[in-house]
Amino acid sequence: MRLLLLFMAGLCFAQERVIFDTDSAFFNDDGAALVMLLQQPEKVDVLGMTLVPGNLWPAAGSDYMIRILDLMKKPAVPVFMGARAPLIHTRAMVEKENREWGPVEWMGAFGQEDKPAKRSNQRRISQKLAVEFMINMISQSPEPVTVLAIGPMTNLAMALRLRPDLEKKIGQLVFMGGTVHEKNYDGRAAEFNFWFDPEAAQIVLRSAIPKKIMFGLDICNHAKLDKSHYEEIAGAKTPVTALFREDLGKKFAKDANASTYIWDCLAAGYLLDPSFVTKSEKAYLDVDTAFGKNYGAVVPLDRALAPDATEVEVMLDLDFKKFFALYKWLLTKVV
Ligand code: RIB
Ligand code: CA
């Protein structure tokens, strides 16, 4: 009986082992997602952070994300440089998209120079590449590893192409990206992360990873922060909320009706308490990789093309009040 109780307790307190794959941000939303996980070490063990291009090129992104690791007093979390570009998509292609199919509102790294990380951060970045870290961690871990992918999935796609056996070894993939029923905020069919690297998203969706949990725009469009939410968090005075204010303060000061999405934070929150999700559906999904105005959009999978592909659990709706309580607690909690 005693042994059984100990075993049950072990199960209850088992930490989720997580690879944090990010396209980085000053704070919202990749940075906030990192804070959320690091605030709950009893639930989540962040094994390492792998950087991928998306919002920023990885070197510039490392400056923001290392700053957050330091703020959270977690300088030992290893940081790995990932792909330096998407698999196929290039700036020249984006210029053609702008000309032919109308302006792309947020181009992320495609609109920026790829500058090196600050000298003091360069030595904080591991000599090992993100893909090597992913492969070693997933293949050697005695416990299943969760991949939390909150940027384009270039790193994961490359790891799966190098080591197809990893597909079945990944415990679960929780990702922010894509959209099944909703449109992107600029009216386009493709969500940013999938648009930035459509071919990578296709490789991952066609894979046999046993559990794929999708936080796309279907759920994320229902989770907006408005000024009153902003003030509830900004009102707490901690180093983390100072960064929150620095990132979002001007926007809310200028416009009382402003709002912002917190996409990646939902995917991170799911690892801490999935009970805020109120609706989901399962589907076999693929990505439109034809270079046209729907480049990167989610489409149904023709299963003959990927017979081993597993279904995606698509998150559709949430209890926002419940989620916000968790988000606020984690962002305002003193480190
Ligand atoms: O479309 C939202 C996604 O694009 C988020 O992951 C955000 O951080 C950006 O990468
Ligand atoms: Ca992101």
Side-chain angles (χ1 to χ4, degrees), residues 18-37 46 49-58 60-65 68 79 82-83 85-86 89 94 104-112 130 147-157 173-198 200-201 204-205 212-225 243-244 247-248 251 259-271 287 294-298 314-315 318 323 327 331:
V18 175
I19 296 178
F20 188 87
D21 190 49
T22 176
D23 60 335
S24 312
F26 180 86
F27 187 70
N28 186 43
D29 53 339
D30 296 70
L34 179 62
V35 168
M36 290 173 74
L37 297 191
V46 179
M49 183 190 308
T50 51
L51 302 168
V52 73
N55 286 329
L56 296 146
W57 296 117
S62 70
D63 286 340
Y64 291 144
M65 300 308 276
I68 294 172
V79 178
H89 208 179
V94 176
V104 175
E105 209 171 289
W106 171 237
M107 292 194 285
F110 283 130
Q112 302 155 23
V147 177
L148 176 68
I150 54 174
M153 293 202 273
T154 320
N155 290 337
L156 183 57
L173 165 68
V174 178
F175 67 96
M176 192 285 136
T179 178
V180 178
H181 306 286
E182 296 266 336
K183 290 246 177 289
N184 202 27
Y185 55 87
D186 59 4
R188 289 176 325 126
E191 176 279 333
F192 175 80
N193 288 338
F194 273 33
W195 166 80
F196 198 91
D197 195 339
V204 174
L205 292 193
K212 300 173 188 146
I213 312 283
M214 171 172 166
F215 281 82
L217 300 181
D218 304 293
I219 185 164
C220 295
N221 281 2
H222 302 167
K224 258 192 201 179
L225 284 198
L243 206 56
F244 178 80
D247 190 18
L248 298 173
K251 181 184 180 124
S259 61
T260 191
Y261 294 102
I262 47 171
W263 309 278
D264 300 341
C265 302
L266 299 185
Y270 180 83
L271 299 181
V287 179
N294 292 334
Y295 190 43
V298 171
V314 184
M315 304 292 127
L318 77 162
F323 175 78
Y327 175 81
L331 260 54

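Only heavy atoms go into these numbers, but all of them, side chains included; no hydrogens, no water, no symmetry mates. Bear in mind the structure is a predicted one, so any value in this text is a computation, not a measurement. We count ligands from 1, going down the list as the structure has it; atoms in each ligand are counted the same way. Positions are given from 1, in the same order as the sequence printed here.
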Backbone N/O of [Y] and side chain of [X]: donor-acceptor pair under 3.5 Å:
X    : Y    : value
N184 : E191 : no
D218 : V180 : yes
N28  : D247 : no

Contacts of type ring pair (Phe, Tyr, Trp, His ring centres under 6.0 Å), residue F323, not counting sequence neighbours: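 For F323, the residues satisfying ring pair (Phe, Tyr, Trp, His ring centres under 6.0 Å) (neighbours in sequence not counted) are F276, Y327.
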Do [X] and [Y] have side chains that get closer than 4.5 Å, going by heavy atoms?
X    : Y    : result
L331 : F27  : yes
Q112 : L56  : yes
W106 : W195 : no
L34  : T22  : no

Close residues, ligand 1: non-hydrogen atom nearer than 4.0 Å: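 If the criterion is a heavy atom under 4.0 Å, then ligand 1 touches D23, D29, D30, N55, I150, M176, E191, F192, N193, W263, D264.
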Protein-derived N, O or S atoms lying under 3.0 Å from the Ca ion (ligand 2), waters excluded: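 That number is 5, waters not included.
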Non-neighbouring partners of D21 that pass side chain to side chain donor-acceptor pair (under 3.5 Å), sequence neighbours left out: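 Per chain and number, D21 pairs via side chain to side chain donor-acceptor pair (under 3.5 Å) with T50, N155.
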